[in-house]
Structure formats: C-alpha cells, structure tokens
Trainee: 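My questions all concern the structure below.
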Amino acid sequence: MRLSNFYLFTKKENPSDAYLASHKLMVRSGMIKQVATGIYSWLPMGLMVLNKIKEVVVEHHVKSNINEMLMPTIQSADIWKKSGRFNDYGKEMLKIKDRHNNDLLYGPTNEEMITDIISDDLKSYKDLPKLLFHVQWKFRDEVRPRFGIMRCREFLMKDAYSFDLDYDSAFFAYCKMFGLYMKIFKTLGLKVIPVRAESGPIGGALSHEFILESNEGESDIYYDNRLLNISIDQVNLDNKAEIKEYYEAVTNLYSCTSDKHEELNFNKNVPKDNQKLSKGIEVGHIFYFGTKYSELLNANFTNNNGKEALIHSGSYGIGISRLVGAIIEANYDEKGIIWPKEVSPFQLGLINVRNDNQVSLNFCESYYNNNASNFKILYDDRNARIGEKLNNMDLLGIPVQIIVGEKNLVNQNLEIKDRKTGKVNLVNIEKLQSYLSDNYEF
RNA sequence: CGGUGCGUAGCGCAGCCUGGUAGCGCACUAGUCUGGGGGACUAGGGGUCGUAGGUUCAAAUCCUGCCGCACCGACCA
C-alpha cells in the first residue's frame with residue numbers, strides 16, 4: 001500500500017478525552033473515530049487489525065471443527081421473553097420497536113437464538129455433540145462505557161456454543177474450548193491467565209475468565225504463577241485424555257477473580273513465592289450452563305433409550321474488538337504501537353529518506369513494485385520530511401522498517417529497523433531477502 | 001443512575017469572572033529556503049462560539065431549559 005493511496009490520517013497530538021495509552025494511540029494512528037459514547041467507526045487501519053485478529057480466532061475454531069455461522073444483530077424479543085431475560089437482562093439491553101410495534105432488541109449475546117436454532121435440528125443423540133460459533137457485533141448499553149474500544153457499547157465478539165448429550169460430554173467441550181483459548185491467545189503473542197470466575201447474567205456453574213495482565217486492567221486476579229509453566233503447545237485438542245489432563249493441571253492450581261478469592265485457601269495452597277496478585281483485562285470468558293436454556297427454550301433430543309432428554313450447553317466468548325486495545329496495552333512504547341507480527345496490518349514499512357533524491361526514489365519504487373505481491377508493505381511515498389516519516393512509521397507500529405537513503409545506497413546498503421528493539425542494522429541489498437527471512441517470520 | 005467538570009476552526013486550547021470587530025499552536029493551501037527524528041520564513045483559507053430561549057442598545061461572555069462529551073462512584077465482558 002502506498003501511503004498516498006491509503007485513507008490514513010495520523011495525528012501528532014493526543015485526543016483530550018482519552019485516558020488509556022491504547023485509546024490515545026488508536027486515535028492518533030487513525031484506526032478509529034468515536035461516533036457517540038462507546039460507539040466507534042473503524043477506519044481502514046483499525047479495520048485491518050480487527051480483521052487480522054478475527055482471522056486468527058476464526059482459523060483456530062475452524063481447525064478444531066467448530067462450524068462458523070452468522071446470526072443477526074437484531075433479534076426478536078419472543079425468545080428472550082421465553083428465557084426470562086427480556087426483563088432480567090436489564091437496561092443493558094437495547095430494546096427497539098419496529099413499525100408494527102413488535103419488540104426487537106439489538107443482541108447483547110446469542111444463547112437464546114442459537115438454542116432456538118439447534119432445538120429444531122438436534123433431535124437425536126446421534127446428532128450430538130455439536131459446536132458452532134459466529135463473529136458478530138453486539139450491543140450492551142453500559143452504564144458508563146470508557147477506555148475507548150476496551151469497554152464500549154457496540155463491540156465485536158466471537159461467541160461459540162456447545163451442545164452435548166450429558167455432563168461428561170459437555171465437560172469435554174468446555175475443556176477443549178479452554179485449551180483452544182489458550183492456543184489462540186498464545187498465537188496472538190499474549191500472556192493470558194485463566195481464572196475461575198462468576199458466571200454473571202449468562203448463568204451456570206462452571207466458568208473461567210481469560211485475563212491479559214495489564215496495570216490498566218479492570219479485573220483483579222489472584223493466581224499461582226506455576227500455572228504459567230504448563231504449556232498448551234503439545235496438547236491435542238481432540239484427544240479427550242490429553243485435554244482433560246491439561247485442564248486439570250492448570251485448574252488444580254489456585255487462580256481466580258477477586259469475587260471468588262479466598263485468602264485462607266490462597267495461603268494454604270500456594271507457596272508464598274508463587275502467589276501472584278495482579279490486574280488485567282478480560283479478553284475471554286467461557287461458561288458451562290448445563291440445561292438452563294434447553295429447559296427454558298425446549299431444546300431436547302431423544303436418547304439411545306428412546307427417552308427425551310435436555311441438551312447440555314455452554315458458551316464461549318472472545319472480545320475481538322477489545323483485543324485490539326488489549327494487544328496495544330501489552331505492546332507499545334513512547335513512540336507508538338508495536339504490533340505483534342500476527343496482527344500487524346503490514347509486514348514491512350518502506351521509507352524513502354528524501355523523495356527528491358533520484359537514487360533513493362528509484363530504489364524505493366522498484367523495491368515496492370517488485371515486492372508488493374510478496375510482502376504486505378506500507379510505502380511512505382509522500383514528499384514529507386524524514387523526521388515526519390520516521391515518527392509516523394513508529395507510531396503505526398509495523399514490525400520492520402526499511403529505510404532507504406542515498407548515503408547508504410551508494411555502498412549497496414539499506415537500513416533495517418526493528419520496531420520493537422529500535423535497533424537499526426545496515427544490510428547489503430543483495431542480502432536483504434535472506435536477512436528478512438532469517439530474522440523475521442513472515 | 002448519583003456526584004463533578006467541559007462543549008469556541010479538522011485536532012489541542014485561550015478568551016467568559018469584569019458583555020463591545022473571535023484569537024493562539026498543530027494541521028491545511030501557495031511560495032522561498034531547508035533536508036536523517038513531526039524544520040524555518042512569508043502570504044493565505046477555514047468559525048452562525050453545542051442547541052433553544054431569555055436579559056441587554058449590544059451576548060462566546062450573564063440567566064434558564066435541552067442535547068452531547070469526559071472523569072469519580074455504584075454496575076458490568
């Protein structure tokens with residue numbers, strides 16, 4: 001992408017209404033623009049990142065044989081009246097009336113709707129188990145939205161739903177999703193702590209939150225830091241024994257939200273050196289709620305004895321739009337954003353030191369033209385001053401920058417700058433390709 | 001929903017107390033000089049001062065309602 005063709009308008013100054021670094025940086029880097037309290041437009045740069053994260057999450061689900069589908073944002077109130085949540089959900093639910101005066105709502109979540117769908121289809125124990133997910137915009141009319149995209153009213157969420165014939169089977173689904181989440185967050189380059197949690201208005205007995213540690217987080221957590229040593233890498237999510245072993249190894253160690261915290265148990269079960277008290281951002285939340293919605297919405301099947309039984313279900317959410325902010329919180333410095341390679345909208349930033357220099361201009365043009373199909377390159381082709389280009393590229397957080405100036409070009413050299421370390425290496429033009437592939441995974 | 005504060009150019013702000021030609025920095029346009037970390041100079045363009053009403057010869061400024069935004073609290077993914 002040539003900057004001259006890109007709808008990207010960055011700002012030198014911070015917005016006055018932003019508090020969190022991630023919020024300031026998202027506005028400054030032209031990713032989002034606020035529309036109303038807790039509602040944002042995603043500009044091209046922001047949408048690229050959002051889509052990258054979504055892609056990672058979707059791929060992991062699809063690989064695990066979880067089927068992607070799509071439910072609408074607007075829902076009929078009927079099923080919510082059946083489940084009792086039309087009133088119970090409270091003012092956070094945005095209620096709408098259509099022209100026929102029917103009650104509609106902008107979905108805050110989809111348990112009712114998915115249960116209504118599967119209750120028509122899953123009729124026999126032979127149809128179970130099943131897992132479905134979608135990525136869709138949600139609306140929760142928060143009392144006080146804040147922190148930009150981190151806690152907004154309209155947000156993009158991946159929600160998955162599991163359907164099983166009994167507790168044992170449902171528990172396996174829960175463990176599998178637990179492991180899948182750990183893999184997803186690891187892929188995104190995030191250190192995420194799974195903690196026991198309250199299930200809130202979703203309901204149900206078994207629930208875990210996934211917390212990205214951050215000083216700016218809103219959740220307080222207590223955990224045994226030995227759980228960080230347990231790796232998900234080698235665990236096969238489809239192998240019941242393996243995944244349960246992993247789940248138990250992790251959840252046997254103390255780890256919970258402040259709601260669930262018991263100081264006595266913490267001290268009794270966790271050696272002092274391993275006790276960790278920390279804050280973080282909730283980026284995922286999973287629930288097993290048994291037959292709660294099946295009962296309310298009549299989702300039953302015929303078991304192998306010919307008897308009717310209720311479907312056991314669970315739901316599993318990841319805040320996709322929140323992750324954009326959360327990832328920035330975990331990856332920035334005083335210059336700007338530092339995107340992990342998995343979510344960076346571009347792989348390479350290309351900077352021409354002087355546009356009026358024929359030597360560097362020729363090189364940049366031909367490099368870009370020859371490589372734009374191999375790499376995602378953001379080429380700053382503006383006739384701007386070098387300082388502006390460098391600062392701008394740092395702000396945008398693209399992992400690797402190629403800085404092209406005549407001074408180095410006459411010696412057949414380019415500057416390759418690593419955004420994260422700030423280190424600049426002179427690299428021979430001939431060796432550029434191998435330097436990049438040796439030092440970076442694309 | 002309670003408490004506090006704010007709304008003036010695309011962004012960040014001053015002016016308001018004490019009413020009298022709407023200002024500054026950044027950004028933008030043109031030109032000149034510059035040229036390795038948001039450069040300098042010159043000349044420009046852009047505002048019904050959130051909105052509706054009131055007071056007044058005169059309102060960005062004083063008064064009232066409404067709308068919007070932020071922060072703190074309670075609540076929540």
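Just so it is clear: chains get the letters A, B, ... in the order the sequence lines come, proteins before strands, and each one is counted from 1. If you're wondering where the values come from, they're calculated on a predicted model, not measured in any experiment.
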Trainee: Any N or O donor-acceptor pair linking the side chain of R385(A) to the base of G39(B) at under 3.5 Å?
Mentor: yes
Trainee: Mind checking the C1' distance from A22(B) to G47(B)? Whole angstroms is fine.
Mentor: 8 Å
Trainee: For G405(A), which contact category applies under a 4.0 Å heavy-atom criterion: base, sugar-phosphate, or nothing?
Mentor: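 Counting heavy atoms under 4.0 Å across all strands, the contact made by G405(A) includes a base.
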Trainee: If you check the E13(A) side chain, which of A70(B), C71(B), C11(B) turns out closest?
Mentor: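 Closest nucleotide to the E13(A) side chain: C11(B).
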Trainee: Looking at K279(A) and D220(A), is there a salt bridge between them, counting it only when a charged N and a carboxylate O are closer than 4.0 Å?
Mentor: no
Trainee: Classify the nucleic acid contact of E92(A) as base, sugar-phosphate or nothing, counting any heavy atom under 4.0 Å across all strands shown.
Mentor: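 The residue E92(A) makes sugar-phosphate contact but no base contact.
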Trainee: When you compare G7(B) with A52(B), how far apart are their C1' atoms, in angstrom units rounded to a whole number?
Mentor: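 Taking atom C1' in both G7(B) and A52(B), they lie 16 Å apart.
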Trainee: Check this for me: does the side-chain of R144(A) come within 3.5 Å of the base of C1(B) through a donor and an acceptor?
Mentor: no
Trainee: Determine the contact category for F155(A): base if any of its heavy atoms lies under 4.0 Å from a base atom, sugar-phosphate if only primed atoms, P, OP1 or OP2 are that close, otherwise nothing.
Mentor: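 Counting heavy atoms under 4.0 Å across all strands, the contact made by F155(A) includes a base.
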Trainee: Could you walk me through whether N428(A) and Q412(A) pass side chain to side chain donor-acceptor pair (under 3.5 Å), step by step?
Mentor: CA-CA 6 Å; N428(A) 188 278; Q412(A) 296 293 296; 5.7 Å; no
Trainee: Measure from NZ or CZ of K81(A) to the centre of the six-membered ring of F86(A) and say whether it is under 6.0 Å with the direction within 45° of the ring axis.
Mentor: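 Satisfied, under 6.0 Å and within 45°.
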Trainee: A36(A) or K12(A): which one's nearest nucleotide on RNA chain B is closer to the 5' end?
Mentor: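 Comparing both residues, the 5'-ward one is K12(A).
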Trainee: If I pick the C1' atom on A40(B) and the same atom on G35(B), what distance separates them, to the nearest angstrom?
Mentor: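 Per the computed distance, 12 Å lies between those C1' atoms.
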Trainee: Need one value for K158(A): base, sugar-phosphate or nothing, where a base atom within 4.0 Å counts as base even if backbone is also close, heavy atoms only.
Mentor: nothing
Trainee: What's the gap between A9(B) and G25(B) when it is taken at their P atoms, as a whole Å value?
Mentor: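 About 16 Å, rounded to a whole number of Å.
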Trainee: Is the closest side-chain donor-acceptor distance between H312(A) and S294(A) under 3.5 Å?
Mentor: no
Trainee: Closest-nucleotide mapping onto RNA chain B: is R322(A) or K389(A) further toward the 5' terminus? I mean the 5' end.
Mentor: K389(A)
Trainee: Expressed as a whole number of angstroms, how long is the span from H23(A):NE2 to C71(B):P?
Mentor: 9 Å
Trainee: Separation of K423(A) atom NZ from G37(B) atom P, in whole Å?
Mentor: 21 Å
Trainee: Suppose we define a pair by two distances each less than 3.5 Å, Watson-Crick or G-U wobble; what does G73(B) pair with here?
Mentor: C1(B)
Trainee: So which nucleotide does A40(B) pair with, by the Watson-Crick or G-U wobble rule with both distances under 3.5 Å?
Mentor: U32(B)
Trainee: Any base atoms under 4.0 Å from N357(A), or only sugar-phosphate, or nothing? Heavy atoms, all strands.
Mentor: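 Here N357(A) touches no strand at all.
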Trainee: Using atom P of each nucleotide, how far apart are C6(B) and C13(B) to the nearest Å?
Mentor: 13 Å
Trainee: Rounded to the nearest angstrom, tell me the gap between atom CD1 in I351(A) and atom C1' in G35(B).
Mentor: 15 Å
Trainee: Once hydrogens and angles are ignored, does a donor-acceptor distance under 3.5 Å link the base of G38(B) to the side chain of K11(A)?
Mentor: no
Trainee: Check the orientation of Y174(A) and F171(A). Use parallel for under 30°, tilted for 30 to 60°, and perpendicular for over 60°.
Mentor: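 Ring orientation, 0 to 90° scale: parallel.
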Trainee: For the residue pair H261(A) and F266(A), does the interplanar ring angle fall in the parallel (under 30°), tilted (30 to 60°) or perpendicular (over 60°) class?
Mentor: perpendicular
Trainee: Please state how far atom CZ in F147(A) lies from atom C1' in C75(B), giving the value in whole angstrom units.
Mentor: 14 Å
Trainee: Whole angstrom is fine here: how far is it from CD1 in I39(A) over to C1' in C69(B)?
Mentor: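 So the two atoms are 13 Å apart, to the nearest Å.
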Trainee: For G50(B), give the paired nucleotide (Watson-Crick: N1-N3 plus N6-O4 or O6-N4; G-U: N1-O2 and O6-N3; both under 3.5 Å), or none.
Mentor: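 Base partner found: C66(B).
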Trainee: Given the C1' atoms of U56(B) and G12(B), what is the spacing between them in whole Å?
Mentor: 34 Å
Trainee: For E142(A) and C1(B), give me the distance from atom CD to atom P, rounded to whole Å.
Mentor: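 In whole Å, C1(B) P lies 15 Å from E142(A) CD.
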Trainee: Considering only G36(B), G38(B), A74(B), which nucleotide approaches the side chain of I403(A) most closely?
Mentor: G36(B)
Trainee: Which whole-number value in Å describes the distance from N383(A) CG to A30(B) C1'?
Mentor: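 Atom CG in N383(A) sits about 15 Å away from atom C1' in A30(B).
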Trainee: Within the structure shown, what part of the strands sits under 4.0 Å from D17(A) by heavy-atom distance: base, sugar-phosphate, or nothing?
Mentor: sugar-phosphate
Trainee: Check this one for me: any side-chain N or O of Q34(A) less than 4.0 Å away from OP1 or OP2 of A70(B)?
Mentor: yes
Trainee: Let me know the distance between CD of Q401(A) and C1' of G36(B), rounded to the nearest Å.
Mentor: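 Spelled out: CD on Q401(A) to C1' on G36(B) is 13 Å.
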Trainee: From C-beta outward on V143(A), which listed nucleotide comes closest to its side chain: A74(B), G38(B), C76(B)?
Mentor: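 Among the listed nucleotides, the one closest to the side chain of V143(A) is A74(B).
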Trainee: Looking only at the side chain of R146(A) (C-beta and beyond, no hydrogens), which of the listed nucleotides A27(B), G37(B), C72(B) gets closest?
Mentor: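 Per side-chain heavy atoms of R146(A), the pick is C72(B).
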Trainee: Using purine N1 to pyrimidine N3 plus N6-O4 or O6-N4 for Watson-Crick, or N1-O2 and O6-N3 for G-U wobble, each under 3.5 Å, what pairs with C16(B)?
Mentor: none
Trainee: Under the 3.5 Å rule, do the base of G37(B) and the side chain of E388(A) count as making a donor-acceptor pair?
Mentor: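 Checked by distance alone, the answer is no.
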Trainee: Measuring from the side chain of K335(A) (C-beta onward, heavy atoms only), which nucleotide among G37(B), A74(B), A70(B) has the closest atom?
Mentor: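 Looking only at heavy atoms from C-beta outward on K335(A), the closest nucleotide is G37(B).
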Trainee: Roughly how many Å apart are A58(B) and G20(B), using the C1' atom of each and rounding to a whole number?
Mentor: 7 Å
Trainee: For the C1' atoms, the ones on C49(B) and on A59(B), what distance do you get once it is rounded to whole angstrom?
Mentor: 11 Å
Trainee: Short question: side chain of Y246(A), backbone of K176(A) - any donor-acceptor pair under 3.5 Å?
Mentor: no
Trainee: Using 4.0 Å as the upper bound for N to carboxylate O, is an ion pair formed by R419(A) and D333(A)?
Mentor: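 Answer for the salt bridge query: yes.
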Trainee: Quick one: look up who U21(B) pairs with, Watson-Crick or G-U, both distances under 3.5 Å, and put none if it's unpaired.
Mentor: none
Trainee: Identify which nucleotide among G12(B), G38(B), G35(B) has an atom closest to any side-chain atom of S16(A), counting heavy atoms from C-beta outward.
Mentor: G12(B)
